[in-house]
Peer 1: 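My questions will all concern the structure given below.
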Amino acid sequence: MKNVSETILAGLSDRQQQAVKHTEGPLLLVAGPGSGKTRVMAHRLAYLVGVNNIPADRILAVTFTNKAARELKERCERLVDFQKEFLQVRTFHGFCARVLRFDGDYVGIPREFSIFDEDDQKKVIRRSFEDENIDIKQHSPGTILNTISRLKNSTKMPDEFAREVSDYGQEIASRIYSRYQSILDVSNAVDFDDLLLKAFILFNDHKYVLDKYSDRFKYIQIDEFQDTNPLQFKVSKLLSNNNGNICVVGDPDQSIYSWRYADPSNLTDFKKSFPKTTVITLDQSYRSTKNILDAANSLIVNNPDRTDKNLWTNNDIGSKIAVYQTGSEEDEARVVLDEIQRLNQSENTPLNEIAIMYRVNAQSRAFEVLCQRLGIRYRLIGGVKFYERQEVKDVLAYLRIVNNKSDDAALLRVINTPRRGISDKTVAEIIRMARENNTSVFSIIAEIYSGKLTGELIPRAIKSIKAFFELLEGIFDISDQLDITDLINFILERTDYISYIRRDEDKGLDREENINELKASSDQYTGIDTGSQLSSFLENVALVSNVDNLEGGDDVRPSSEDLTLITLHQAKGLEYDAVFLVGCEEGLLPHVMSIGEPDSLEEERRICYVGITRAKNNLYFSYSLVRRFRGVTGGQMLSRFVNEIPENLTTKKYARGFSHPLIDGYLKNSPNRKFKSPNTRPLVDEKRTVQFSKGTKVKHDIFGDGIIIKNEGNEGEVVFLKHGVKRLMWQYAPMIVIEKKRRHENDSHDFVDPEIDTA
DNA sequence: ATGCTGGTTGTTTTT
DNA sequence: CAACCAGCAT
């Protein structure tokens, strides 16, 4: 019989083996894309259990998504025999939720707390504005939520923040933050940040509890450490301080979540917190061809202040990277899907080995439409997520109330859904009463039912409220005797919900189908003790992400023959035989928001890097010269990131009708590139530049008639009668001159009428 | 109380 | 161009 250690180490490189065998003391594993990171992590866990005989329940593995957790666990199981339920593989949020479920009462969190998602949070923010009598129109809920999230990530509590307020804007933020938090408290609810924050406070303030967990988890292994935020770092540090067996894995070049307060220095400065750290770098890629790796390397070196790490591989050179220039979104979709069909039919690449990746979700649309028309099966990751559908959320809201009567967000969601004669005005009055009594909406309703409170309510409203209360009581009474699926059926029946959604002729059937799917996903909880099945089901629902449903999910229809449409962010950690990076345009990738801000621009470059390194054999970039964006059409330029890739690695292709003799020149000498090689020749031919002098009237294929108002050589601005001011590159603009500038007109004179659009 | 409509608004990425 | 909201008519 082969010995366990040999089995576990078989097929691993020296470096990988070194990482697997390093079990004692802090370990920092810098793992480039495709370097076998997941493999090493799985083997390392198996080694701990199988060779070092560490009981599985003494190990905690933390991953970024539930899917990664599942994968890690499965791979580990294939290597070594152990009781799999003992190995804790969780996301940070999932782990913290679990801890709070057990020991939350130390920090004032009841066992049956609710987890508020972004939707709930926004509603609470709105309510806070109303409570504080501040006009919400002056502020965006999103911005305030961001601020609150930042405060929580720096462990700043509402009262503390209130004391250091220094200007009016902060005062507003502070008042809303306090109010927001007290609504959450009254609702027995936490938001995503609270899961981490409260767990941190619990560990920090209650040594007994901390010791319980850090004694139990002798070994901790954390994935995607470059994307951990300050709270996650603090929790990790506390948990591992007693024994120091912490292994963190990550890649600073793939840090793409700084907007969520992730801090890559948690990884890069890891040694500062754990001086005895051993560092192992995995830089051999087993995934991508040489060409693809070269492209990735030559892109990422443009980020300054980066610790040098060049990926290398023994793989083939592979084919060149294609750069497709297209004329419009539809054009782009057509070109990309044409090639995908060719790969699929002529080269036998299965569709599930192909992905289209984009920067923003809105880009998926054109591809979806065309997939449907061509009959290509696809799965869209993200978009409107299953658990975010109206009807699903409604049913979940009823379940949440059963689980936690104080859950105001859930209660307010269904108080009049289906319609039961409780008007907005009535609801507003109930909310006011709740605030006045500093209690939950449900307890106000209960008081109204028992006649102790009436507020300013009219008799008819009181009658409706009483009926609603009775409805809820009826559900509560029977809830602990039913499995979730039966409970859902009971709720549907009592609320007459199905006939409510059937009234929608268009979407009624879909919605009913979604509810059936929800029931199916709750079915697997059947049999567990009815007391805890509801809260674990709801917890699971709150913490699943989009990628979790990708494959092998417990509750999702299998779809091995589907093309994948996915954002670059979500694609992290995945790999495909062929990857199409679409919309490689200035303003999209890099996103407009980041242009001009060096830090954000570097992150955009990393996002692009992540995309490139998902590809095993075939990589494509595509961009469109013209793109509709929030209802307006604008001219686009090829992304600087594509220009940072050496030309000998790429081949350029032009969509029908849009190729242009000057385009080759452009790809060579784009404005971005000029900074690097100052002796490249200007790219636009003289004639075409000259004829676009200021004041010239032109006709554009798409925008129609316009007048040139600015000429900066290669590009300039045109004001169009119907579309307003556009920035265009002369060489691409499908535009003809209809009337030359009149001579006597003064060039310096600014004749633009800003109202020309409305004329 | 409910449903419709017309005007306004905003748009990165998400555990 | 959507989605969303407020105010209006039913």
Side-chain angles (χ1 to χ4, degrees), chain A residues 62-69 90-97 115-119 121-122 126 136-137 140-143 145-146 149 153 190-196 223-224 227-229 231-232 255-262 329 357-366 381-385 387-388 390 416-427 458 460-461 464 503-504 539-548 566-573 583 587-595 597 600-601 603-604 606-608 610-611 627-634 723:
Chain A
V62 179
T63 57
F64 200 62
T65 64
N66 294 290
K67 176 173 178 282
R90 299 186 174 282
T91 63
F92 256 112
H93 293 269
F95 172 71
C96 291
I115 299 170
F116 277 11
D117 66 12
E118 201 184 318
D119 229 46
Q121 295 186 66
K122 282 198 176 139
R126 277 172 208 288
I136 193 160
K137 281 179 191 155
S140 101
T143 314
L145 274 176
N146 250 336
S149 175
N153 264 291
V190 298
D191 59 24
F192 285 120
D193 293 315
D194 279 340
L195 285 171
L196 307 169
D223 190 16
E224 305 284 13
D227 282 327
T228 50
N229 64 32
L231 284 171
Q232 292 167 330
S255 135
I256 55 174
Y257 284 96
S258 70
W259 49 275
R260 247 175 51 191
Y261 307 110
E329 282 161 286
M357 300 183 184
Y358 37 82
R359 179 66 235 268
V360 303
N361 273 309
Q363 284 173 262
S364 69
R365 204 193 178 92
I381 313 301
V384 187
K385 300 149 218 169
Y387 289 119
E388 283 177 16
Q390 290 278 331
N416 201 28
T417 312
R419 309 275 164 189
R420 51 175 70 90
I422 301 176
S423 73
D424 294 350
K425 233 176 101 189
T426 306
V427 173
I458 57 168
R460 196 163 53 147
S464 306
R503 293 205 324 237
D504 182 342
E539 178 182 309
N540 196 354
V541 165
L543 298 177
V544 289
S545 67
N546 300 318
V547 259
D548 293 335
I566 193 168
T567 65
L568 287 161
H569 279 86
Q570 296 186 107
K572 193 175 64 164
L588 211 46
L589 181 70
H591 195 272
V592 254
M593 296 293 180
S594 70
I595 291 174
E597 301 202 25
S600 318
L601 195 70
E603 180 146 317
E604 297 289 311
R606 290 192 293 267
I607 293 169
C608 187
V610 166
R627 185 175 294 273
R628 274 191 304 278
F629 196 55
R630 61 202 226 208
V632 202
T633 315
H723 295 268

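Model, not experiment: these values are computed from the prediction. Naming: A, B, ... by sequence-line order, numbering from 1 per chain.
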Peer 1: Would you indicate, yes or no, if B/dT12 has its OP1 or OP2 atom less than 4.0 angstrom from a side-chain nitrogen or oxygen of A/Thr567?
Peer 2: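 No, A/Thr567 has no side-chain N/O under 4.0 Å of OP1/OP2 on B/dT12.
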Peer 1: Would you please test A/Phe192 and A/Phe92 for ring pair (Phe, Tyr, Trp, His ring centres under 6.0 Å) and show each step?
Peer 2: CA-CA 10 Å; A/Phe192 285 120; A/Phe92 256 112; over 10 Å; no
Peer 1: Assign A/Asn416 to base, sugar-phosphate, or nothing according to its heavy-atom contacts below 4.0 angstrom with the strands shown.
Peer 2: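 The answer is sugar-phosphate, as A/Asn416 gets under 4.0 Å only of primed atoms, P, OP1 or OP2.
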Peer 1: Is the base of B/dT2 touched by the side chain of A/Arg419 through a donor-acceptor pair closer than 3.5 angstrom?
Peer 2: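 By the distance-only test, no, there is no pair.
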Peer 1: Over all heavy atoms of both residues, which pair between A/Ile595 and A/Gly587 is shortest? Give the atoms and the distance, please.
Peer 2: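 Taking every non-hydrogen atom into account, CD1-N, 3.8 Å.
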Peer 1: Check the geometry between A/Trp259 and B/dT13 and answer yes if their rings are stacked (centres below 5.5 Å, planes below 30°), otherwise no.
Peer 2: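 Stacked: centres under 5.5 Å apart, planes under 30°.
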Peer 1: When rounded to the nearest Å, what value does the distance between P atoms of C/dC4 and B/dT13 take?
Peer 2: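 It works out to 15 Å between them.
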Peer 1: Using the six-membered ring for Trp and the full ring for Phe, Tyr or His, decide whether A/His591 stacks on the six-membered base ring of B/dT12 (centres under 5.5 Å, planes under 30°).
Peer 2: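 So A/His591 counts as stacking on the base.
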Peer 1: Nearest to the side chain of A/Thr426 - B/dA1, B/dT12, C/dC5?
Peer 2: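 When the side chain of A/Thr426 is considered, B/dA1 is the closest of B/dA1, B/dT12, C/dC5.
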Peer 1: Given the P atoms of B/dT11 and C/dA6, what is the spacing between them in whole Å?
Peer 2: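 My reading of the P atoms in B/dT11 and C/dA6 gives 15 Å.
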Peer 1: Starting at atom CG of A/Asn229, determine the distance to atom C1' of B/dT15, rounded to an integer number of angstrom.
Peer 2: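 Checked: the CG to C1' distance equals 9 Å.
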Peer 1: Applying a 4.0 Å non-hydrogen cut-off, can you work out what A/Arg606 is touching in the nucleic acid: base, sugar-phosphate, or nothing?
Peer 2: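 Here A/Arg606 touches no strand at all.
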